[in-house]
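Encoded as structure tokens, the structure appears first; notes follow it.
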Amino acid sequence: MREIPHLGAEPAGPADLEALGAPPPGEPVPAPEWTLHDLRAETGLIEWHVPLPGADRAELDLYRFEDELAVTAGPFRRTRPLPSALRRCDVTGASLRDDALRVRFRPTPGLWPRD
């Protein structure tokens, strides 16, 4: 979430939107990155951080179906294919901290290359 200035009136065109720092009409707003964090040396796990600013833990749902991960936050659902490394891992848990859902994966024995 970010604060924007109040113009004293409802925005009425591209110039007002520009004054608010909004992207021009029709320009897509990039989605926040889902980032991988390799913690195998410390914990033996890999975490996939899913940005969910303002999410309520009680309204979260998460499930894996084959090579996809589906995250539901309230009325919103996003499904993403798993990165190739995570396809060879088992989901071990998840937590919501610092406006991000942290999904933990453990490499599946026999499917993960030896170090």
Side-chain angles (χ1 to χ4, degrees):
M1 197 177 318
R2 72 182 175 139
E3 290 186 25
I4 58 174
H6 191 286
L7 300 176
E10 190 171 327
D16 287 347
L17 292 175
E18 186 176 331
L20 292 172
E27 186 175 312
V29 176
E33 292 279 329
W34 293 28
T35 56
L36 282 177
H37 299 266
D38 188 350
L39 306 174
R40 288 178 296 151
E42 299 88 17
T43 64
L45 302 174
I46 301 169
E47 284 188 350
W48 202 10
H49 292 193
V50 179
L52 292 176
D56 180 1
R57 185 175 184 262
E59 294 183 337
L60 286 178
D61 189 30
L62 167 73
Y63 69 91
R64 177 181 179 172
F65 179 72
E66 296 179 358
D67 289 342
E68 294 185 331
L69 188 71
V71 177
T72 303
F76 305 102
R77 173 174 289 163
R78 179 76 69 196
T79 302
R80 288 269 178 99
L82 291 170
S84 61
L86 296 183
R87 293 179 191 152
R88 299 183 307 263
C89 297
D90 298 315
V91 176
T92 62
S95 61
L96 181 63
R97 288 184 300 162
D98 303 323
D99 287 332
L101 179 64
R102 298 161 188 246
V103 185
R104 293 180 297 279
F105 293 82
R106 181 175 311 282
T108 304
L111 296 180
W112 196 263
R114 295 180 184 204
D115 292 330

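Predicted model only: the values in this text are computed from it and were never measured.
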>> Please list all pairs meeting salt bridge (charged side-chain N to carboxylate O under 4.0 Å, His left out) that have one or both residues in residues 93-112, counting only residues at least two apart or in different chains.
In response: D98-R102
> Is there a donor-acceptor pair under 3.5 Å between the side chain of R87 and the backbone N or O of C89?
Replying inline: no
>> Checking one residue: L39. Which other hydrophobic residues are in its cluster under the side-chain 4.5 Å linking rule?
In response: none
> Take atom CD in E42; do more than 12 heavy atoms of anything else shown fall under 6.0 Å from it?
Replying inline: yes
Identify each donor-acceptor pair in which a side-chain atom of residues 48-57 lies under 3.5 Å from a protein atom, sequence neighbours left out, and give them as a table.
residue, atom, partner, partner atom, Å
H49, ND1, H37, NE2, 3.2
H49, NE2, E47, OE1, 2.7
D56, OD1, A58, N, 3.2

> Among all residues two or more places apart in sequence or in another chain, which pass the side-chain contact (heavy atoms from CB on, under 4.5 Å) test with D38?
Replying inline: R40, I46
>> L86 vs L36, test: side chain to side chain contact (heavy atoms under 4.5 Å, CB included). Steps then yes/no.
In response: CA-CA 9 Å; L86 296 183; L36 282 177; 3.4 Å; yes
> Does D90 have any side-chain hydrogen bond (donor to acceptor under 3.5 Å, both in side chains) partners at least two apart in sequence or in another chain, and if so, which?
Replying inline: T108
> Do W34 and V71 come close enough that some side-chain heavy atom pair is under 4.5 Å?
Replying inline: yes
>> Do L96 and L45 land in one hydrophobic cluster if side-chain heavy atoms of ILVMFWY residues count as linked below 4.5 Å?
In response: no
>> Please report the interatomic distance OH(Y63) to CG(L69), rounded to the nearest 0.5 Å.
In response: 9.5 Å
Under 3.5 Å donor-acceptor pairs involving side-chain atoms of residues 72-81, not counting sequence neighbours:
residue, atom, partner, partner atom, Å
T72, OG1, R77, NE, 3.0
T72, OG1, R77, NH2, 3.3

